[in-house]
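What follows is a short report on a single structure.
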Amino acid sequence: MSAIGLSVTRLEDQRLLTGRGRFHDDVTRPGQLWMRVVRSPSAHARLVGVDTREALRLPGVTGVYTVADLPGDLRIPVRQPHPGLDFTPYLQPPLATGFVRYVGEPVAVVLAEDPYVAEDAADLVSMELEDLPVALDARGATGERPESLGGADAEVGVVRFAYGDVEEVFRTAPHVVTAELGTGRHSGTPLEPRGLVAEWDERAERMTIWGATKVPYFNRRVLTTLLGLPEHSIHMLESDAGGSFGIRGEFYPEDLLVPFLCRLTGRPVKWSEDREEHFLAANHAREQHHRIELAFDDEGTLLGLRDEAWLDSGAYIRTHGAVVAALTSAMICGPYRLAACSSDVHIVMTNKTPIGTYRAPGRFQNNFVREHAMDLAATRLAIDPVELRRRNLLDATELPHRRPMQVFGAPMLLDGKDHLEHFDKSRAAVGYEAWRAESRAARAAGRLVGTGCAVLLEKAGLGHDSAVVDIGVGGAVRVSMGGAGSGQGIETVMAQITAEELDVPAGTVKVVLSDTDILPDGAGSFASRSTVVGGTAVKLAAEAVVAKAKRVAAVLLETDASRLLMAGGEVVVAGAPERRVPLAAVAAACFTPRFIRTGEEPGLIGRGTYVADGMTYPYGAHYTQAEVDARTGRVTLLRYAVSYEIGRAVHPRSVHGQLVGGVAQGIGGALFEEFRYDERGRPLSLTFRDYLWPRASDVPDIQVELYEDSPAPGNPLGVRGAGEGGTAGVGAAVANAVRDALQLTGDVGRLPLHPPRVLDLLLARR
């Protein structure tokens, strides 16, 4: 029975669509207290004092806590250190210590019997603040040493990836194209804001936590260190989550405060973030300024790329560390043939909400910068922008292609089949040349219509993950793995991989995600890695179950294990289908003395751990047609298409959905979404009236061309990551379409291209 490659009914959907999801806000524990965070109203100030007396007098308030109530000098660690960078001065305390560095920084917390009382009490907490100079521009803050950083430089450091003789290439190149480009400040803004519930069992000396998604095992290890509890005393339970996109599940201040206050009071504590809090406190992302240069010969051959970027990291370094900077720098070359490349990304602290990863971190930015510069170069060199890409894309004769760099300690080996073929094939499937002809005709008729395309290189699947597959004596199949569900369909995919090995229907497999009592370790769900790494761990665990089942069934059936097959939940003798034994009977036998071995777990159970030595590199292209309203500056997308090389699709409909959803999210970043601040660092985008999402009418029908021409050689499933390719190329394609519509000779400058910016481009053109 084949399960992989089928768009089976998703296991999650029945639960989620009938209101039976397990979200953190559905968790209510007897005697629980509600936590409310008191946040700084100032972007940068000395914290002279906090007055909690009025709040404590409010009936129903059980406590108000400041940093003085926390043990020691706590700082939230990074999840992934970066060579040569010392993050120590820039790590965030759970509650403000001596200074506040952004509007929304936690200063105190209130516990109350009722959420509304907690909110009222938080409004009664006052603080004495002495305002300090505010840094809002990363380039301008470089070299500053604010007192609030203990004299450390506002520039944390520079992340650099380079190979080849870049200086010589640019010194001798006949043509150099330069552009200054930037991306605005965005956030994932999932439908469900963050939240956490913690309960302490004094008799068992054990804490249970609901709501920690994305990387629950990392969060548990951090809590072990900060709370002084052994890991086995902290039980993380899976929860559904209304979207993640990188923003959810990093270790935030609240992830310590909730369990700390639970332990301190001995009562369950619940915190549910409201939308304004989310805009203030959850990770922002993507704000970067780039100076990019491309070097060409007279035939349009791309000789070299040089980029310098400034990443506005906000007020603290959060758990992602330098991941965004590293991916911005390491991936900027894309799928092109390049003899020399250098990219320097300055990580700079400002007085804004800290940043983190957000769907396609670094690649939304660097694809926009590189692909828009390619269109600019096409104009300067008088070469068609499609042809310029065709001349420089890696083809089958050059792949696999090793770049002389290491990304997160792994060699950068581009493992695709043919980037040029993919571009040509997808362009034909989309009908892009017809779009271009139609746009030219529209411009001739006086309309501002243009087309844009962008090619991209993605990455997925580094690190490790673990899984356990077991079959009960009733025949029930369960798989537990270290990923987290956020609506992406991970339960279904893991069930399909298990079902493929056991030859059972996917719908009969129970999937448990990140339950720390069942699985001792897991890496979580991020960076399009769950299917590549976690799915492979599941496959290995299921293979171990099959091997044990055949070994035991061989004795029961009095045959050799090599003659046995898995068929419909039974072990069958090949060529003699009447000789068979159900998996339930095999599982029951595994608990009898006859089949129990020293050093082996009783039962029909298999464990798998998979470590990916390197990443796999999916790739694709984006195409769009846009029209600009000359009166208002509004950009309307008339058509959109995305192509993607997935390697192997476990659940094709889910991959399709991931790409469509990613494009919609990318449209937000390209045209609408941007956090703005006033001159004092006060945020101006705290509701969806000011931070604009694309509406349904802003998103055209999205054509998806999904290819499985190049199974990934680095994992036995052949899969490549699917979660981020839909977002990564949107900013580039949209910017190129607007540039074409306006027939600009220069660049568009900065994303998002909301109407005032587009009107400025129109005025400059005139």
Side-chain angles (χ1 to χ4, degrees), residues 23-25 27 33-43 50 55 61 64-66 76 92-96 100-112 114-127 185-198 210-214 239 241-261 269-285 314-316 318-319 351-356 358 673 675-677 681-691 693:
F23 297 90
H24 83 268
D25 204 42
V27 178
L33 298 170
W34 290 80
M35 187 181 88
R36 181 74 178 180
V37 181
V38 181
R39 302 185 182 275
S40 169
S42 175
V50 181
V61 172
V64 183
Y65 306 89
T66 67
I76 298 171
Q92 183 165 8
L95 292 174
V100 292
R101 292 192 41 81
Y102 66 99
V103 173
E105 179 169 358
V107 174
V109 286
V110 173
L111 286 184
D114 177 272
Y116 302 104
V117 171
E119 188 167 356
D120 290 343
D123 291 338
L124 295 175
V125 175
S126 62
M127 57 192 83
R185 195 174 188 85
H186 308 158
S187 179
T189 58
L191 288 173
E192 181 202 21
R194 299 174 298 142
L196 210 68
V197 181
W210 295 263
T213 59
K214 185 178 172 180
S239 299
S244 178
F245 317 122
I247 192 173
R248 183 190 300 281
E250 299 286 2
F251 198 98
Y252 288 98
E254 297 85 0
D255 291 302
L256 171 67
L257 296 171
V258 170
F260 171 77
L261 293 174
V269 173
K270 181 173 185 173
W271 167 70
S272 291
E273 180 182 60
D274 63 32
R275 184 59 67 181
E276 181 175 310
E277 264 192 303
H278 186 80
F279 280 138
L280 283 172
N283 285 345
H284 291 180
Y316 294 99
R318 283 189 170 160
T319 54
N351 297 118
K352 299 176 185 174
T353 299
I355 69 132
Y358 171 28
E673 300 180 40
F675 283 106
R676 298 185 181 90
Y677 291 81
R682 291 173 296 213
L684 301 176
S685 309
L686 293 179
T687 72
F688 283 124
R689 291 190 297 272
D690 304 302
Y691 186 85
W693 271 1

Requested in this report: Tell me, please, whether Phe251 has Arg318 positioned over its six-membered ring: NZ or CZ under 6.0 Å from the ring centre and within 45 degrees of its axis?
Outcome: no
Requested in this report: Tell me, with the steps shown, if Ser272 and His24 meet side-chain hydrogen bond (donor to acceptor under 3.5 Å, both in side chains).
Outcome: CA-CA 8 Å; Ser272 291; His24 83 268; 3.3 Å; yes
Query raised in the report: When you check the gap from the basic side-chain N to the acidic O, do Arg39 and Glu277 get nearer than 4.0 Å?
Result: yes
Query raised in the report: Is a side-chain N or O of Lys270 found less than 3.5 angstrom from the main chain of Val27, in a donor-acceptor match?
Result: yes
Report task. Say whether, by atom type as modelled, one donor and one acceptor occur between the side chain of Tyr252 and the main chain of Asn283 under 3.5 angstrom. Result -> yes
Query - Side-chain donor/acceptor of Arg36 to backbone N/O of Ala122, under 3.5 Å - result: no
Query raised in the report: Distance-only, no hydrogens or angles: does the Ser239 side chain make a donor-acceptor pair with backbone N or O of Trp210 under 3.5 Å?
Result: no
Report task. Would you please say whether a donor-acceptor pair under 3.5 Å links the side chains of His186 and Glu673? Result -> no
Query raised in the report: With the threshold set at 4.0 Å, does a side-chain nitrogen-carboxylate oxygen contact exist between Arg248 and Glu192?
Result: yes
Query raised in the report: Between Asn351 and Tyr102, is there a donor-acceptor pair closer than 3.5 Å when you use the side chain of the first and the backbone of the second?
Result: no
Query raised in the report: Are the side chain of Ser187 and the backbone of His284 linked by a donor-acceptor contact shorter than 3.5 Å?
Result: no
Report summary line: Between Leu684 and Asp690, the two heavy atoms sitting closest are O-CB, 3.5 Å
**Report entry** Heavy-atom pair of closest approach, residues Leu256 and Pro94
**Finding:** CD2-CG, 3.2 Å
Query raised in the report: Should we count CZ of Phe688 as having more than 12 external heavy atoms under 6.0 Å?
Result: yes
Report summary line: Sorted by chain and residue number, the side-chain hydrogen bond (donor to acceptor under 3.5 Å, both in side chains) partners of Ser685 (sequence neighbours excluded) come out as none
